[in-house]
**Q** 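Sharing a structure below in structure tokens format, with a few things to ask.
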Amino acid sequence: MDQDKLSFEEAYKQLTELVKKMESGELPLAASVAAYEQGIKLKAYCEQLLKEAELKIETLKVGTAQ
């Protein structure tokens with residue numbers, strides 16, 4: 001699935017599943033590295049979505065304060 005089309009909840013779920021797999025210690029090294037790379041991308045994507053939501057909330061706060 002294209003990461004840019006995921007909701008925050010979907011991306012966060014994928015991220016937590018990757019972490020569980022990596023913490024299990026059952027992944028081979030190459031798969032662990034790939035999971036880590038994907039996890040970094042998902043983390044950044046989640047942070048971006050949260051920042052956008054925070055900006056919307058701040059904009060709404062400022063708009064209602066006037």
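Quantities reported herein were computed from a predicted structural model and do not represent experimental measurements.
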**Q** Between E10 and S7 (side chain of the first, backbone of the second, donor and acceptor by atom type, cut-off under 3.5 Å), is there such a pair?
**A**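 It does hold such a pair.
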
**Q** SG of C46 to NZ of K13: how many Å apart, nearest 0.5 Å?
**A** 13.5 Å

**Q** Quick one: CD on E23 to OG on S32, what's the gap to the nearest 0.5 Å?
**A** 11.5 Å

**Q** Distance check, rounded to the nearest 0.5 Å: L50 atom CG versus L55 atom CG?
**A** 11.0 Å

**Q** Under the side-chain hydrogen bond (donor to acceptor under 3.5 Å, both in side chains) definition, can you give me all pairs with a residue in residues 33-54, not counting sequence neighbours?
**A**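 Applying side-chain hydrogen bond (donor to acceptor under 3.5 Å, both in side chains) to every pair that reaches into residues 33-54, excluding sequence neighbours, yields K43-E47, Q48-E52.
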
**Q** CZ/F8 to CG/L42 distance, rounded to the nearest 0.5 angstrom?
**A** 11.0 Å

**Q** Would you kindly confirm whether L49 and L18 end up in one hydrophobic cluster when ILVMFWY residues are joined by side chain heavy atoms under 4.5 Å apart?
**A**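 Both belong to a single hydrophobic cluster.
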
**Q** When you group the ILVMFWY residues by side-chain heavy-atom contacts below 4.5 Å and let the links chain together, are I40 and L6 in the same group?
**A**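 No.
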
